Participant: 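Input: one structure, supplied below.
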Amino acid sequence: MGKFSRLGNDLYSGQKSIDFVGRRWLWYGISAVILLVAVGGLYFKGLNYGIEFTGGAEYRISLPAAQVDQDTADELRQAVADSGIDNASSPVVTTSGDEAILIQTEPLGDEESAEVGQVILDATGASDEDLSQSEIGASWGQEVAERALLGLSVFLVLVVLFIWAYFRQWKMSVAALVALAHDVIITIGVYALSGFEVTPATVTGVLTILGFSLYDTVVVFDKVRENTADLRGTRQTYAAAANLAVNQTLVRSINTSIVALIPVGCILYVGAVQLGTGSLKDLALALFVGMAAGVYSSVFIATPLLAHLKSRESEVVLAEKRDKARRRAMADRYASVPAFSDDLPVADEPGVDADRRDPATGGPAPAAPARAPEASGRGRVAPSPQRPVQKSAASGRQQPSRRPRSKRGRK
């Protein structure tokens, strides 16, 4: 941790720097590849919508509290999946409190529905009175999707207005929106590639990661605004000041993301490995992927894109020209000094009398500067000696020492 702390201090002070802005085309290329894979997964594989979006059948089996546990749910899931019915090959089995277990499948016919009900009764040993069946329509899931799209639209509008009002720069709003779209597309692509079900919990997770991604981006942009407030005074270019801002907030972004990803990763492990199904893993996957993508986009996408968008502004261009001029001057400090050549014109230097010549060199001799008049009546004047200075008789005696006024007269 000591080395990591020193690295953070060096990044904040500028002694060490990672060129995020200068290598923006590299980061653009990496993001383009990731987005291409995500879009390819959406196009070729598609999303695995849950029963809330596609509709289906739901069975509720009431059992004693001792039997309502995860082991019973796993047994029911395996029994229904082994029934040989295609639409029941991937059932969603969850516990409902400590009184019942819910089994959800894709839409079934009357014969298939009766067969699945009998499998559930055989696996649990319950009676017909303990089993209830209901059909789930897709209209509720469609309403959730519509509400989610409406909420997303309102959120994006508020993001644009907030960033414009806070930073007074519309280009920051554009960069933040691009970073948000980057995170959402990657998250949805991971869902398509992994085959996880898209449930209302997934929609909740996607909307949550928008806030996390925007939070990290605003923190970096605030540091960018602070560093670029006076480019002429700091003698930096906009790209260099923005890159310094990313380096100064890098350690903070890493620490924040680690602290946030550890508990979300634990929830994802419990939901996907231990429980195997349920809305818990759907929510955790969206949060985990979205948070990781949000940290990446705020560092590697948002700030480099902002510097790219502002690279044509007049003030930024002037700062670039001043920086290039300073670099040329520092590269060869004597570049402006004329070199000697035989055809240089001969001219008298300032302060040289042209009528007087130096006999040794034949050139003009420097004229003696006029002597200032002697000062009179100012300062101390040393008296002229009356006799030669002789050795004093008091030289061997102890001389008095200087004492402060508060101690004078005391013995």
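These numbers come from a predicted model, not from an experiment. Starting from 1, each residue takes its place in the sequence as its number.
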Participant: Once rounded to the nearest 0.5 Å, what's the spacing between atom CG of Leu244 and atom CD of Glu226?
Facilitator: 9.5 Å
Participant: When rounded to the nearest 0.5 angstrom, what is the spacing between CH2 in Trp27 and CZ in Phe20?
Facilitator: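 Reported value, rounded in 0.5 Å steps: 7.0 Å.
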Participant: Decide yes or no for Leu261 and Val295: does some side-chain heavy atom of the first lie under 4.5 Å from some side-chain heavy atom of the second?
Facilitator: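 Leu261 does not reach Val295 side chain to side chain.
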Participant: So do the side chains of Ile18 and Val246 get within less than 4.5 Å of each other, counting heavy atoms only?
Facilitator: no
Participant: Roughly how far, to the nearest 0.5 Å, is CD1 of Ile61 from CG of Leu121?
Facilitator: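 With rounding to 0.5 Å, CG (Leu121) is 5.5 Å from CD1 (Ile61).
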Participant: Is the shortest heavy-atom distance from the side chain of Glu315 to the side chain of Leu318 under 4.5 Å?
Facilitator: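 No; the side chains remain at least 4.5 Å from each other.
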Participant: Does any part of the side chain of Asp216, heavy atoms only, come nearer than 4.5 Å to the side chain of Arg252, both counted from C-beta?
Facilitator: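 SC-SC contact between Arg252 and Asp216 confirmed.
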Participant: Sorted by first residue and then second, give each salt bridge (charged side-chain N to carboxylate O under 4.0 Å, His left out) pair with at least one member in residues 23-50; sequence neighbours left out.
Facilitator: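 Qualifying pairs, neighbours excluded: none.
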Participant: Using a 4.5 Å cut-off on heavy atoms from C-beta on, say whether the side chain of Leu131 contacts that of Arg60.
Facilitator: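 No, side chains not in contact.
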Participant: Run the numbers on Glu58 and Ile103 for side chain to side chain contact (heavy atoms under 4.5 Å, CB included), then give the verdict.
Facilitator: CA-CA 6 Å; Glu58 182 180 76; Ile103 303 97; over 6 Å; no
Participant: Using only heavy-atom distances, determine whether the side chains of Ser31 and Tyr296 contain a donor-acceptor pair under 3.5 Å.
Facilitator: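 Yes, because at least one side-chain N or O of Ser31 sits under 3.5 Å from a partner of the opposite role on Tyr296.
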Participant: Give me the atom names and distance for the closest heavy-atom approach of Val21 to Ala307.
Facilitator: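 So the minimum-distance heavy-atom pair works out to CG1-CB, 3.7 Å.
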Participant: So Gln118 and Asp122, side-chain hydrogen bond (donor to acceptor under 3.5 Å, both in side chains) or not? Walk me through it.
Facilitator: CA-CA 6 Å; Gln118 188 61 43; Asp122 295 340; 3.0 Å; yes
Participant: So which atom in Ala175 and which in Leu305 form the shortest heavy-atom distance, rounded to 0.1 Å?
Facilitator: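 Closest pair (atom of Ala175, atom of Leu305, distance): CA-CD2, 4.0 Å.
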Participant: Of all heavy-atom pairs between His182 and Ser297, which one has the smallest distance, and what is that distance?
Facilitator: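 Nearest heavy atoms, His182 then Ser297: ND1-CB, 3.7 Å.
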Participant: Before giving the answer on side chain to side chain contact (heavy atoms under 4.5 Å, CB included), spell out for Leu193 and Val37 the whole-Å C-alpha distance, their side-chain angles and the decisive distance to 0.1 Å.
Facilitator: CA-CA 9 Å; Leu193 294 173; Val37 173; 3.8 Å; yes
Participant: Mind checking whether Leu306 and Tyr238 have side chains closer than 4.5 Å, heavy atoms only?
Facilitator: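 Yes - at least one pair of side-chain heavy atoms lies under 4.5 Å apart.
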Participant: So Ile262 and Val264, do their side chains get closer than 4.5 Å, heavy atoms only?
Facilitator: no
Participant: Hey, does Tyr28 have a side-chain heavy atom less than 4.5 Å from the side chain of Pro304?
Facilitator: yes
Participant: Looking at Ser257 and Ile254, would you say the former's side chain and the latter's main chain have a donor-acceptor pair under 3.5 Å?
Facilitator: yes
Participant: First locate atom CZ of Arg77, then atom CD1 of Ile101, and finally report the distance between them rounded to the nearest 0.5 Å.
Facilitator: 10.0 Å
Participant: Applying the side chain to side chain contact (heavy atoms under 4.5 Å, CB included) criterion to Lys310, which one of Arg312, Glu313, His308 satisfies it?
Facilitator: Glu313
Participant: Quick check: does any side chain N or O of Asn255 sit under 3.5 Å from a backbone N or O of Val251, one acting as donor and the other as acceptor?
Facilitator: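 Judged by distance alone, yes, a pair lies under 3.5 Å.
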Participant: Distance from Ile209 atom CD1 to Leu214 atom CG, nearest 0.5 Å?
Facilitator: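 If I round to the nearest 0.5 Å, the distance is 12.0 Å.
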Participant: Measure the CG-CD1 distance between Leu287 and Ile267 for me, rounded to the nearest 0.5 Å.
Facilitator: 7.5 Å
Participant: With side chain to side chain contact (heavy atoms under 4.5 Å, CB included) as the criterion, how do Gln248 and Asn227 come out once you've worked through the C-alpha distance, each side chain's angles and the decisive distance to 0.1 Å?
Facilitator: CA-CA 10 Å; Gln248 289 175 332; Asn227 291 351; 3.2 Å; yes
Participant: Among Thr249, Thr217, Val220, Asn243, find the one that has a side chain to side chain contact (heavy atoms under 4.5 Å, CB included) with Thr303.
Facilitator: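 Per the side chain to side chain contact (heavy atoms under 4.5 Å, CB included) rule, the option paired with Thr303 is Val220, out of Thr249, Thr217, Val220, Asn243.
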Participant: Would you say the side-chain atoms of Tyr59 and Ser113 include a donor-acceptor pair closer than 3.5 Å?
Facilitator: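 Checked: Tyr59/Ser113 side chains pair up, N/O donor to acceptor below 3.5 Å.
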